Amino acid sequence: MSVLALSALLLWSASFSTGGTGQNYYQLAKREVKLAIASSRVADGSFSFVRDRHRFYHSPRPWMTFEQKYRGRFEFSEHGAVMFVADSLIGREQKAFASYQMFDPESFGQINYGDTVVQHLGTDDREDYLYQSPMYSPSLILHDFLHSAPSTFIRLRQGGLDSITYAAPGDRQVTIVIDPRISNVLAIDIVYPDDLRGDVRRSTQYLDYQGVGRSRYPTHVVEHTLGILTNEVRSWRQNIRADSSLLLDKIPEEYELGEVVPPTAETATTWKYNEHVGFVELKQAETRVMVVNFSDHLLIAEAPLSSENGELILKMAHELYPGKPVQYFAFGHHHPTYLGGMRAMVHEGAIVLALPMDSAYIRQLVTFRHQIHPDILEKDPRPLKMQMLDSVNNLGDSSFTMQIYHIPSKHTDDYLIYYFPQEKFIFEDDVAGLDPAKPLRAATEYEKGLNEGIEKYGLDVLTVVQAWPVKKPAGMIFPYSLLESSVKMMK
């Protein structure tokens with residue numbers, strides 16, 4: 001079955017299928033899963049594999065992926081409930097970095113790539129690994145379902161296939177698609193919450209099943225996240241077992257997983273640069289947000305990581321400058337630290353200022369569903385208002401003006417800086433890291449690009465104010481002369 005056909009089944013089975021959630025249906029689903037485990041005979045399975053990973057990263061443009069290649073072995077014991085993986089990341093110049101993972105029903109141990117000691121992990125790390133394991137095999141997810149409560153699942157039938165959906169830790173929803181005629185798992189679909197991208201769907205498809213006696217196993221696994229290829233694994237059966245002692249010998253006798261520590265609630269402080277410019281500093285995000293006070297409205301620049309932070313920023317902005325609506329929201333570039341809270345700004349009615357290259361991405365972020373963890377825009381939808389920026393943009397009124405410039409940067413293609421001609425300072429996101437209290441060093445390529453942008457537009461700058469990382473009061477604020485001098489030190 002094609003990827004599109006499987007996706008259609010996963011998305012629409014609840015509308016067109018018959019099934020249920022009662023005890024009888026649970027027993028039927030449980031029997032189906034046990035048959036799938038038995039047919040794969042993973043308890044005797046040892047496999048070599050190659051893996052192509054397409055990893056999302058802080059890319060120059062949205063949705064770009066970075067390719068990494070891995071080679072190794074994975075094997076199962078305890079009828080597929082325990083998995084051991086030993087592999088190597090093939091880095092630049094073909095240098096390999098080994099890693100080892102051991103997952104069982106109670107614990108999880110890992111030596112990360114290039115390390116020699118076991119990491120200190122928590123129960124949340126174990127959960128994350130479990131729900132990423134389908135890229136190797138459906139086995140651990142099948143066992144996970146067998147240990148789930150009957151009230152957390154629904155079994156559906158359509159087109160000769162069974163889909164079994166159940167609630168998993170971390171507010172995840174897992175769907176297993178099985179062909180009951182041959183007990184092959186065809187796909188595993190996991191939906192999980194993400195602050196920026198909403199309800200993220202990771203779909204794993206199992207292809208090219210091979211048989212040895214009565215045992216059948218997939219030799220080709222393809223994973224898509226949000227419709228984008230993120231992993232592809234090809235494996236083949238081996239008689240040679242991987243050496244689990246490479247990890248087990250390094251696990252201390254007292255080793256146990258740590259408990260999940262709830263995240264600390266975000267806190268913020270405010271201060272005014274002058275009567276026209278103020279800042280909101282978020283402690284946990286280590287980010288400085290700028291609030292610009294015009295005669296009859298406000299502009300907010302940057303909103304890190306989440307809609308919840310966006311709501312906090314709006315509250316603090318209105319405390320800084322009471323009685324004025326937020327008319328504009330701007331972000332220095334498309335990374336989450338600068339537009340993760342944009343959905344709260346849209347709900348506020350602010351016009352999103354964006355370069356044309358980011359317009360499609362902005363529309364995606366605004367229209368993504370956030371049903372698992374509903375944010376303010378999911379609860380109360382409002383239309384997106386967006387205004388396109390040029391390379392040079394003037395904003396203001398008769399008493400106060402500012403400019404937004406699009407500069408060349410090796411960091412991102414959409415990098416913007418904010419310039420205030422009366423105060424002679426620029427506000428920018430994260431490409432300069434100069435500290436007046438430390439000895440001056442040569443500039444980085446990012447800092448060189450910032451200086452070139454300032455020179456390109458002939459800006460008269462005295463001070464640079466940076467958004468991230470702000471780890472102390474008045475941090476990341478420095479004289480522009482430091483940047484000029486550091487650029488001159490470059491070879």
Side-chain angles (χ1 to χ4, degrees), residues 53 55-57 70 72 74-78 80-89 97-137 139-149 152 166-174 188 190-197 200 202 225 231 242-267 282-287 304-306 308-309 336-337 340 372-373 469 471:
R53 180 188 183 191
R55 179 173 62 86
F56 294 125
Y57 69 110
Y70 305 77
F74 61 87
E75 64 181 44
F76 294 94
S77 58
E78 300 298 326
V82 175
M83 183 173 76
F84 174 71
V85 179
D87 67 344
S88 294
L89 166 64
F97 301 90
S99 95
Y100 309 91
Q101 299 92 35
M102 175 74 81
F103 183 97
D104 66 33
E106 301 297 333
S107 190
F108 172 57
Q110 175 173 276
I111 298 176
N112 208 1
Y113 295 99
D115 289 344
T116 57
V117 296
V118 172
Q119 289 183 275
H120 294 287
L121 300 173
T123 54
D124 53 341
D125 297 303
R126 181 185 180 277
E127 284 179 7
D128 288 344
Y129 190 82
L130 168 61
Y131 298 109
Q132 292 173 24
S133 70
M135 69 179 163
Y136 296 113
S137 163
S139 179
L140 295 184
I141 296 298
L142 297 178
H143 283 275
D144 185 53
F145 169 72
L146 292 180
H147 291 89
S148 66
T152 65
Y166 67 101
D171 294 328
R172 298 174 178 92
Q173 176 182 290
V174 181
I188 289 177
I190 299 176
V191 180
Y192 58 92
D194 180 85
D195 285 338
L196 181 68
R197 297 160 181 157
V200 176
R202 183 192 298 131
T225 304
N231 274 295
D243 186 2
S244 60
S245 66
L246 293 169
L247 182 142
L248 296 175
D249 289 347
K250 294 179 174 61
I251 297 179
E253 290 185 7
E254 67 277 9
Y255 177 83
E256 60 181 25
L257 294 175
E259 295 298 321
V260 177
V261 178
T264 304
E266 184 63 83
T267 57
L282 279 71
K283 182 177 181 180
Q284 306 305 321
E286 297 183 346
T287 305
L305 304 176
S306 70
E308 187 177 12
N309 284 349
T337 302
I372 300 175
H373 291 167
K471 298 183 178 181

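Owing to the predicted nature of the structure, the values given are computational and were not obtained by experimental measurement.
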| said: Please check: side-chain N/O of Glu75 versus main-chain N/O of Ala242, any donor-acceptor pairing under 3.5 Å? | reply: yes
| request: Establish, yes or no, whether the cationic atom of Arg197 lies under 6.0 Å from the six-membered ring centre of Tyr192 and within 45° of the ring axis. | output: no
Which pairs would a plain distance check flag for residues 114-121, meaning a side-chain donor or acceptor within less than 3.5 Å of a matching protein atom at least two apart in sequence or in another chain?
{"unit_1": "Gln119", "atom_1": "OE1", "unit_2": "Gln110", "atom_2": "NE2", "d": "2.4"}

| Would a 4.5 Å heavy-atom cut-off, applied to side chains only, mark Leu257 and Asp125 as touching? | no
| Nearest heavy atoms of Ser148 and Phe145, plus distance in Å | OG-O, 2.6 Å
| Can Asp144 and Tyr166 be counted as having a side-chain donor-acceptor contact under 3.5 angstrom? | yes
| request: Indicate the atoms forming the closest heavy-atom contact of His143 with Glu78, along with that distance. | output: CE1-O, 4.3 Å
| query | Side chains of Pro193 and Val200: does their closest heavy-atom pair fall under 4.5 Å? | reply | no
| said: Just verifying a value: how many Å separate Asp87 CG and Ser99 OG, rounded to the nearest 0.5 Å? | reply: 4.0 Å
| task | Take Ile190 and Gln173, measure what side-chain contact (heavy atoms from CB on, under 4.5 Å) needs, and give me the verdict at the end. | result | CA-CA 6 Å; Ile190 299 176; Gln173 176 182 290; over 6 Å; no
| Which atom pair, heavy atoms only, marks the closest approach of Leu140 to Leu130? | CB-CD1, 3.7 Å
| query | Any idea which heavy atoms bring Ala285 and Thr287 closest together, and the distance? | reply | O-OG1, 2.8 Å
| Residue pair Ile111 / Gln101: nearest heavy atoms and the distance that separates them | O-NE2, 4.5 Å
| request: Measure the CG-CD distance between Asn309 and Glu266 for me, rounded to the nearest 0.5 Å. | output: 5.0 Å
| note | What one should report as the nearest heavy-atom pair of Pro134 and Ile141 is CG-CG1, 3.5 Å
| request: Can you measure from CD (Gln132) to OG1 (Thr225) and round to the nearest 0.5 angstrom? | output: 9.0 Å
| field | With sequence neighbours excluded, residues passing salt bridge (charged side-chain N to carboxylate O under 4.0 Å, His left out) with Arg172 | value | Glu127, Asp128
| field | Validation row: Phe84, Phe103 side chains within 4.5 angstrom (heavy atoms) | value | no
| query | Can you find a heavy atom in the side chain of Leu282 that is under 4.5 Å from one in the side chain of Pro304? | reply | yes
| request: Determine whether Met83 and Met102 make a side-chain contact, defined as any pair of heavy atoms from C-beta on separated by less than 4.5 Å. | output: no
| message | Is there a side-chain contact between Phe76 and Val82 in this structure, where contact means two heavy atoms from C-beta onward sitting under 4.5 Å apart? | response | no
| query | Between Arg55 and Asn231, is there a donor-acceptor pair closer than 3.5 Å when you use the side chain of the first and the backbone of the second? | reply | no
| query | How about Ser88 and Phe97: do any of their side-chain heavy atoms sit closer than 4.5 Å? | reply | no
| Taking the six-membered ring where the residue is Trp, are the ring centres of Tyr70 and Tyr113 under 6.0 Å apart? | yes
| How long is the span from the CZ atom in Phe74 to the OH atom in Tyr136, to the nearest 0.5 Å? | 8.5 Å
| request: Flag the pair Leu305 / Asp195 as yes when at least one side-chain heavy-atom distance between them is below 4.5 Å, and no otherwise. | output: no
Expected list for residues 245-254: side-chain donor-acceptor pairs under 3.5 angstrom, two or more places apart:
{"unit_1": "Ser245", "atom_1": "OG", "unit_2": "Asp243", "atom_2": "OD1", "d": "2.4"}
{"unit_1": "Ser245", "atom_1": "OG", "unit_2": "Asp243", "atom_2": "OD2", "d": "3.3"}
{"unit_1": "Lys250", "atom_1": "NZ", "unit_2": "Leu246", "atom_2": "O", "d": "3.4"}

| query | Can you tell me if Arg202 uses its side chain to pair, donor with acceptor, with the backbone of Ile188 under 3.5 Å? | reply | no
| For atom CD of Glu308, is the number of surrounding heavy atoms from other residues, nucleotides or ligands below 6.0 Å larger than 12? | no
| Counting only N and O atoms by type, is there a donor-acceptor contact under 3.5 Å from the side chain of Ser139 to the main-chain atoms of Gly80? | yes
